[in-house]
Number of protein chains: 2
Amino acid sequence: MERSTKQRAAIESALKKLARPLLPQELLAEAHKSVPNLSLATIYRNIKGLIADGVVDVVCLPGETDRYEIHRHHHHHFHCSSCEQVTDIDACPGDLSKLMPKGYLLEDHEITLYGKCPACAVRA
Amino acid sequence: MERSTKQRAAIESALKKLARPLLPQELLAEAHKSVPNLSLATIYRNIKGLIADGVVDVVCLPGETDRYEIHRHHHHHFHCSSCEQVTDIDACPGDLSKLMPKGYLLEDHEITLYGKCPACAVRA
DNA sequence: TTGTATGCAAAGCGTTTGCAGTGAT
DNA sequence: ATCACTGCAAACGCTTTGCATACAA
């Protein structure tokens, strides 16, 4: 990640434009618009670097392939159990160190909320 | 999942004995002790059935292969950033509905704590 | 006896890597 | 002119599947 390339620019731009957790394929499809020959390998290599730089975060859900999104301030995720859509949650309960067993050191936390999004809640 | 086999018994038994999220390989190693010829394919096939039956839960962490554990009462997970081991956390902050945006329905939540386990905390 | 569950090996899939060529500095 | 980055294809690791056999019912 020492040189800036149009490929990386396209990848970051795609992540910022769509502003939600993206699959490698979705990322490829979007970035492909500005860099026709872009390869999946380059997507993965850049994503890896961007994660190391703290620019991108991984969003992993059981049974789904990992998604990637631009790192925003600390936030969490909501996963609708009906339509499977993932939404960012800006709220945070704050310090969770009271949950830790003795001797364990807390560095960070991640919360996934499950339920129904407004559209699916109405339908049910 | 209509017949009960010694393979499935060994798999369930291994999950209960080690009582923590296990990788398919760890599960194979443990269950292999009582069923020498047990194959990975059988591990996967049974795990899939046990998940469908609500007997087993998937624990998925970014960059790690999925782990499996016996379904217990509501709890959370701690992931050591040094040794990668996953530990169950029985504490829970309780109601998180205050984090939900308007219109969203909360059904469940999952918390992953990151940090250092006692052994790794001392070493650092 | 019947047909589900198993073991093995091959196939699938998402991700990573080797290598020669490209392009940012 | 360097040497990091890219594209392509092969390699990888985890998971699933096809098929003949074993075994629970």
Side-chain angles (χ1 to χ4, degrees), chain A residues 1-15 18 20-69 84 86, chain B residues 1-15 18 20-69 77 79 83-86:
Chain A
M1 302 285 292
E2 300 176 11
R3 297 177 184 175
S4 60
T5 64
K6 59 186 173 190
Q7 285 86 348
R8 180 175 316 134
I11 291 169
E12 281 199 52
S13 164
L15 285 164
L18 300 188
R20 63 184 176 83
L22 297 176
L23 296 169
Q25 289 293 355
E26 298 178 309
L27 202 39
L28 178 63
E30 181 61 29
H32 186 275
K33 293 174 185 172
S34 44
V35 183
N37 279 40
L38 186 61
S39 70
L40 245 192
T42 296
I43 297 280
Y44 281 112
R45 278 190 280 237
N46 275 286
I47 282 294
K48 198 173 172 182
L50 291 168
I51 290 171
D53 289 357
V55 176
V56 165
D57 292 331
V58 187
V59 179
C60 115
L61 297 168
E64 311 258 323
T65 64
D66 287 354
R67 289 171 165 82
Y68 306 92
E69 71 175 342
E84 307 298 322
V86 178
Chain B
M1 302 284 293
E2 299 176 10
R3 297 178 184 175
S4 60
T5 63
K6 59 186 173 188
Q7 285 86 346
R8 180 175 315 136
I11 291 169
E12 280 199 52
S13 164
L15 284 164
L18 299 188
R20 63 182 175 83
L22 298 176
L23 295 168
Q25 290 291 355
E26 297 177 310
L27 203 39
L28 178 63
E30 181 62 29
H32 186 274
K33 293 175 184 172
S34 44
V35 182
N37 279 39
L38 185 61
S39 70
L40 246 191
T42 297
I43 297 279
Y44 281 111
R45 279 190 279 236
N46 275 285
I47 282 295
K48 198 172 172 183
L50 291 169
I51 290 171
D53 290 357
V55 176
V56 165
D57 291 330
V58 186
V59 179
C60 114
L61 297 168
E64 308 264 320
T65 64
D66 287 354
R67 290 171 166 81
Y68 306 92
E69 71 176 342
H77 294 107
H79 185 209
C83 69
E84 307 300 320
Q85 224 201 24
V86 177

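Note: hydrogens, waters and symmetry copies are ignored here, and every other heavy atom, side chains too, is used. In what follows, chains carry the letters A, B, and so on, assigned in the order in which the sequence lines appear, proteins first and then strands, with residues in each chain numbered from 1.
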Minimum side-chain heavy-atom gap A:Tyr68-A:Asp57 below 4.5 Å
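A side-chain contact is absent here, since even the closest heavy-atom pair is not under 4.5 Å.
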Would you check if B:His77 and B:Arg67 make a side-chain contact, meaning some heavy-atom pair closer than 4.5 Å?
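Not in contact.
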If every non-hydrogen atom of [X] is compared with every non-hydrogen atom of [Y], which pair is closest and at what distance?
X	Y	value
A:Pro24	A:Asp66	CD-O, 3.6 Å
B:Leu15	B:Leu22	CD2-CD1, 4.0 Å
A:Val35	A:Lys6	CG2-O, 3.9 Å

Let me know the distance between [atom1] of [X] and [atom2] of [N], rounded to the nearest Å.
X	N	atom1	atom2	answer
B:Asp66	D:dG13	CG	P	18 Å
B:Leu38	C:dG7	CG	P	5 Å
B:Glu2	D:dA25	CD	C1'	11 Å
A:Lys6	D:dC5	NZ	C1'	12 Å
B:Asn37	C:dC8	CG	C1'	11 Å
A:Arg3	D:dA1	CZ	C1'	11 Å
A:Ile43	C:dT16	CD1	P	13 Å
A:Asn46	D:dA4	CG	P	15 Å

Please work out if A:Ser39 contacts a base, only the sugar-phosphate, or nothing of the nucleic acid, heavy-atom cut-off 4.0 Å.
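Base, at least one base atom sits under 4.0 Å.
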Find which nucleotide of DNA chain D each of B:Ala41 and B:Gln25 is nearest to by heavy atoms, and output the residue with the more 5' nucleotide.
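Checking each residue's closest nucleotide, the 5'-ward one belongs to B:Gln25.
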Between the base of C:dG18 and the side chain of A:Arg45, is one N or O donor paired with an acceptor at under 3.5 angstrom?
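Pair found.
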Examine [N]: is either OP1 or OP2 under 4.0 Å from a nitrogen or oxygen in the side chain of [X]? Give yes or no.
X	N	answer
B:Gln7	C:dG7	yes
B:Thr5	C:dT4	no
B:Ser4	D:dA25	yes

